[in-house]
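For reference, the structure is listed below as structure tokens.
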Amino acid sequence: MDILFFYGLAAGGIVWSFSKDRQKTRQSLKKAWKAFDGILPTFALILMLIGVGLAVVSPVMVNGLLGSKSGAIGMVIAATLGSITLIPGFVAFPLAKAVLDMGAGIMQVAVFISTLMMVGVVTAPMEAQFFSRKAVALRNGLGVLLSFLVAFIVGNVVG
């Protein structure tokens, strides 16, 4: 039901914009389509890889590696995966729900999502070109520590 509300809100915004300035609205819709067209192949590939990965990985394996009984080892595995994975948040959250449904623990998923958003092992070389290596290492190190803190808090509040 919420999705219909947001689609309606977007459509209403486009109609309102169109009534104010047709040319600018057309230009912005063309730019939006071009951006969507540029993102779509990468997005589709990411979704396909995640789908294949979830099909290959069994719930028993997820429960064993990332289940609530996996404890600190499971959290380290999840943090490592989150630190090296490069996927957008709008893909990561449905993925988190899927692994939760497969038996992953709340704390393990929380540390995965947190490291995914805060730690960038893959992007560190590019970051180091703009910032010092020390700053990049500090940011990533603090990201890992804060991810474990977030996981602990989420685990105690939700779990």
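- A donor-acceptor pair is defined here as one N or O able to donate and one able to accept, closer than 3.5 Å; no such pair exists between the side chain of Asp37 and the backbone of Trp33.
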Applying side-chain contact (heavy atoms from CB on, under 4.5 Å) to Met48 and Leu45, what does each step give before you reach the verdict?
CA-CA 5 Å; Met48 186 181 74; Leu45 179 65; 3.8 Å; yes
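- Val91 is connected to Ile39 through a chain of hydrophobic side-chain contacts under 4.5 Å among Ile, Leu, Val, Met, Phe, Trp and Tyr, so both are in one cluster.
- In the hydrophobic clustering of this structure, Ile73 groups with Leu81; members are Ile, Leu, Val, Met, Phe, Trp, Tyr whose side-chain heavy atoms approach within less than 4.5 Å, directly or through other members.
- One hydrophobic cluster holds both Val76 and Ile84 under the rule that ILVMFWY side chains link at heavy-atom gaps under 4.5 Å.
- Once rounded to the nearest 0.5 Å, the distance linking NZ of Lys24 with CD of Gln27 reads 8.5 Å.
- For the pair Leu29/Arg26, no side-chain contact is recorded, criterion being any heavy-atom separation below 4.5 Å from C-beta on.
- Within 6.0 Å of atom CZ in Phe18, more than 12 heavy atoms from other residues, nucleotides or ligands are found, so the atom counts as buried in its surroundings.
- A distance-only check finds no donor-acceptor pair linking the side chain of Ser17 to the backbone of Gly13 [under 3.5 Å].
- The shortest distance between side-chain heavy atoms of Leu146 and Leu149 falls below 4.5 Å.
- Here the closest non-hydrogen pair linking Asn140 and Gly120 is OD1-N, 3.0 Å.
- Between Ile14 atom CD1 and Ser28 atom OG the span is 8.0 Å, to the nearest 0.5 Å.
- In the hydrophobic clustering of this structure, Val15 does not group with Leu4; members are Ile, Leu, Val, Met, Phe, Trp, Tyr whose side-chain heavy atoms approach within less than 4.5 Å, directly or through other members.
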Can you list, pair by pair, the side-chain donor-acceptor contacts under 3.5 Å of residues 93-118, counting residues two or more places apart and other chains?
| residue | atom | partner | partner atom | Å |
| --- | --- | --- | --- | --- |
| Lys97 | NZ | Asp101 | OD1 | 2.8 |
| Lys97 | NZ | Asp101 | OD2 | 3.3 |
| Gln108 | NE2 | Gly67 | O | 3.3 |
| Gln108 | NE2 | Ser70 | OG | 3.3 |
| Gln108 | NE2 | Gly71 | O | 3.3 |
| Ser114 | OG | Ala110 | O | 2.9 |
| Thr115 | OG1 | Ala79 | O | 3.4 |
| Thr115 | OG1 | Val111 | O | 2.8 |
| Thr115 | OG1 | Phe112 | O | 3.0 |

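- Val144 and Ser83 get closest at one heavy-atom pair: CG2-OG, 4.4 Å.
- Linking Ile, Leu, Val, Met, Phe, Trp and Tyr residues whenever their side-chain heavy atoms come within less than 4.5 Å leaves Val122 and Leu138 in two separate clusters.
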